[in-house]
There are 2 protein chains.
Amino acid sequence: MPSKNKELITELLKSSKLSITETRVKILELFLKSNGALEHADFEKLSGKSFDRVTIYRTLQTFLDKGIVHKIPTTDTSVRYAICRSECREHEHHDHHVHFRCEECGSTQCLEETDIPVLSLPKGYDVRNVEVVVSGVCKACH
Amino acid sequence: MPSKNKELITELLKSSKLSITETRVKILELFLKSNGALEHADFEKLSGKSFDRVTIYRTLQTFLDKGIVHKIPTTDTSVRYAICRSECREHEHHDHHVHFRCEECGSTQCLEETDIPVLSLPKGYDVRNVEVVVSGVCKACH
DNA sequence: AATAAATTGCAACTGTGTTGCAAAAGTATA
DNA sequence: TATACTTTTGCAACACAGTTGCAATTTATT
């Protein structure tokens, strides 16, 4: 139901006090379509190169600022983004779930149902956020 | 005791079947000196720009391949390296400890004594490696 | 000390992300 | 719905990170 997604996207943008533009709608559509994390290059590919690199960078930054998406840690220079299903507010991102990176297909998924465990750090460390990135073989590639 | 470090470094390189060069020794010295993670720019600064960018890239890649250092996941485009105190073998890195990123001083430390917890992922996921990156305020900045 | 093998430095290149500014699109108002 | 105002977009240019090929240097071997 694409029309339902459009409504959802419109609401999402409105509630974040962002104007509704073609680029923003399209990028959010791509996020909703793919259930994994996306990186910058994906948007250029998936959108059919219809909009400028710079616009994509700025749109993703805007979404980050508004708490619509969050970044996922990687060990290379790529930056991966995933849509926040919940919990994220403006300038305050808490991704209290595990991220999974498949070594076969290369996709990164948010495991919403898997809570991050409680850690006991040495004395003197003040914990604000915990990121867990698991790598291995995903459901589909198994 | 710098002479003791030199011996240690020589042994480390020999056991990895790497020839002992000025660059490699100096980079390993920097790793042993700093008890946190380093990124490429740090080596240029700390070494006093005495060697080429390309050499640093290649040296770090060699150390990665041999399991002497490992990468730490980040949410930006920077790549952070830490020396492996144990457990890492050639082409097989298992960093079974937590990494801590201080939001005040910007340093990244390996918390060797803090084991990563056991996770229960949904069925169908084959776990090979788990990375835990905690951010907050470190001991020194507290 | 001489030779073979590996490493380094240089130059050039690719790719990623940023900034300023003018044109275009979106929003609000009458 | 036409108008003025604001925001966003696209372009050009730039800055910086990381890579590759090759010749010169350094390290290991005999």
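Values reported hereafter were calculated over all heavy atoms of this structure, with side chains retained and with hydrogens, waters and symmetry mates removed. Chain letters run A, B, ... following the sequence lines, proteins first and then strands; every chain starts at 1. Given the structure is predicted, the values throughout are model-derived calculations rather than measurements.
With a 4.5 Å cut-off on side-chain heavy atoms, B:Phe100 and B:Thr114 do not count as touching.
Rounded to an integer number of Å, the gap from CG of B:Leu64 to C1' of D:dG18 is 14 Å. With rounding to whole Å, B:Asp52 atom CG is found 15 Å from D:dT20 atom P. Atom pair A:Lys14:NZ and D:dT7:P shows a separation of 18 Å (rounding to whole Å applied). What separates CD1 of B:Ile56 from P of D:dT19 is a distance of 13 Å, to the nearest Å. Across the protein-nucleic acid pair, A:Lys17 atom NZ and D:dT7 atom C1' stand 16 Å apart, rounded to whole Å. With rounding to whole Å, B:Phe43 atom CZ is found 14 Å from D:dA17 atom P. Nucleotide C:dT7 holds its C1' atom 13 Å from the CG atom of B:Leu13, rounded to whole Å. Atom CG in A:Leu60 sits about 15 Å away from atom P in D:dT8, given to the nearest Å.
Legend: residues meeting side chain to side chain contact (heavy atoms under 4.5 Å, CB included) with A:Thr55, ordered by chain and number and at least two apart, are A:Thr23, A:Asp52, A:Thr59. For A:Gln61, the side chain to side chain donor-acceptor pair (under 3.5 Å) partners are A:Asp65, not counting sequence neighbours. Listed by chain and number, the residues in a side chain to side chain donor-acceptor pair (under 3.5 Å) with A:Ser19 are A:Arg24 (sequence neighbours excluded). Every side chain to side chain contact (heavy atoms under 4.5 Å, CB included) that A:Lys14 has, sequence neighbours left out, goes to A:Thr10, A:Glu11, A:Ile20. The ring pair (Phe, Tyr, Trp, His ring centres under 6.0 Å) check on A:His142 picks up nothing, with sequence neighbours excluded. Not counting sequence neighbours, the partners of A:Thr108 by the side chain to side chain contact (heavy atoms under 4.5 Å, CB included) test are A:Ala37, A:Ile72, A:Arg80, A:Arg101. Residues satisfying the side chain to side chain donor-acceptor pair (under 3.5 Å) test with A:Asp115, not counting sequence neighbours, are none.
Of the residues near DNA chain D, A:Arg24 and B:Ser19, the one whose nearest nucleotide (by heavy atom distance) lies more toward the 5' end is A:Arg24. Mapped onto DNA chain C by nearest heavy atom, A:Leu18 and B:Leu18 fall at different nucleotides, with B:Leu18 at the one closer to the 5' end.
Summarising the geometry, atom CD1 belonging to A:Ile68 is positioned 4.5 Å from atom CG belonging to A:Leu12; distances are rounded to the nearest 0.5 Å.
The bend of the helix from C:dA1-D:dT30 to C:dA30-D:dT1, defined by the angle between the axes of its first five and last five pairs, stands at 40° to the nearest 10°.
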* Where protein sits on nucleotides 12-25 of chain C, one letter per nucleotide: B base, S sugar-phosphate only, - none, heavy atoms under 4.0 Å -> ----SBBBB-----

